[in-house]
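Below: one structure, written as structure tokens.
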Amino acid sequence: MGRASRETPKRLGAKLLKIRTALGLSQDGMLRRLGLAGEYGRHYISGFETGEREPSLPVLLKYSEVARVWINALVDDEVYLPHQMPNTEIHEAIKLKRRRYRKQ
């Protein structure tokens with residue numbers, strides 16, 4: 001029996017790239033900041049940013065802690081990351097506003 005593929009956030013890779021660049025880190029620097037430098041090479045971070053690889057939940061939690069944002073800001077495509085990272089306090093991010101159309 002095969003496994004069904006999981007739905008993955010469409011904007012996750014772009015958000016992880018935004019976090020790394022907002023922190024002014026190289027891919028190697030991001031590995032060090034996440035505490036993963038001894039286990040992986042920069043291709044690991046590159047895979048996340050390009051969407052070739054999906055990070056595990058513990059890795060996503062590390063990203064959220066480093067950026068000081070709630071983890072839902074990473075995985076919810078309807079939420080934007082804050083403009084400035086890292087924050088002094090954990091930031092809940094910015095929810096996209098949905099346009100409501102009236103039925104006529």
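Not measured: the values here are computed from a predicted model. In what follows, every heavy atom counts, from backbone to side chain, and hydrogens, waters and symmetry copies are set aside.
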### Query
When rounded to the nearest 0.5 angstrom, what is the spacing between CD1 in Ile19 and CZ in Arg68?
13.0 Å
### Task
Could you give me the CA-CA distance, side-chain angles and deciding distance for Val79 and Leu74, then say whether side chain to side chain contact (heavy atoms under 4.5 Å, CB included) is met?
CA-CA 8 Å; Val79 174; Leu74 300 178; over 6 Å; no
### Task
Quick one: pull up OG1 in Thr21 and CG in Leu16 and give me the separation to the nearest 0.5 Å.
10.5 Å
### side chain to side chain contact (heavy atoms under 4.5 Å, CB included) involving Ala37 - partner list, sequence neighbours excluded
Leu31, Arg32
### Message
Arg11 vs Asp77, test: salt bridge (charged side-chain N to carboxylate O under 4.0 Å, His left out). Steps then yes/no.
### Response
CA-CA 6 Å; Arg11 298 179 50 228; Asp77 283 333; 5.1 Å; no
### Query
Which atoms form the tightest heavy-atom contact between Lys15 and Asp76, and what is the distance?
NZ-O, 2.6 Å
Show which side-chain atoms of residues 52-66 pair as donor or acceptor with protein atoms under 3.5 Å away, not counting sequence neighbours.
unit_1, atom_1, unit_2, atom_2, d
Glu52, OE2, Thr50, OG1, 3.4
Arg53, NH1, His43, O, 3.1
Arg53, NH1, Tyr44, O, 3.4
Glu54, OE1, Arg6, NH2, 3.4
Glu54, OE2, Arg6, NH2, 2.9
Ser56, OG, Val59, N, 3.4
Ser64, OG, Leu61, O, 2.8

### Message
I'd like to know if Leu81 and Leu17 are part of one continuous hydrophobic network [Ile/Leu/Val/Met/Phe/Trp/Tyr, side-chain heavy atoms within less than 4.5 Å].
### Response
no
### Task
Supply the atom-to-atom distance Arg20 CZ to Phe48 CZ, rounded to the nearest 0.5 angstrom.
12.5 Å
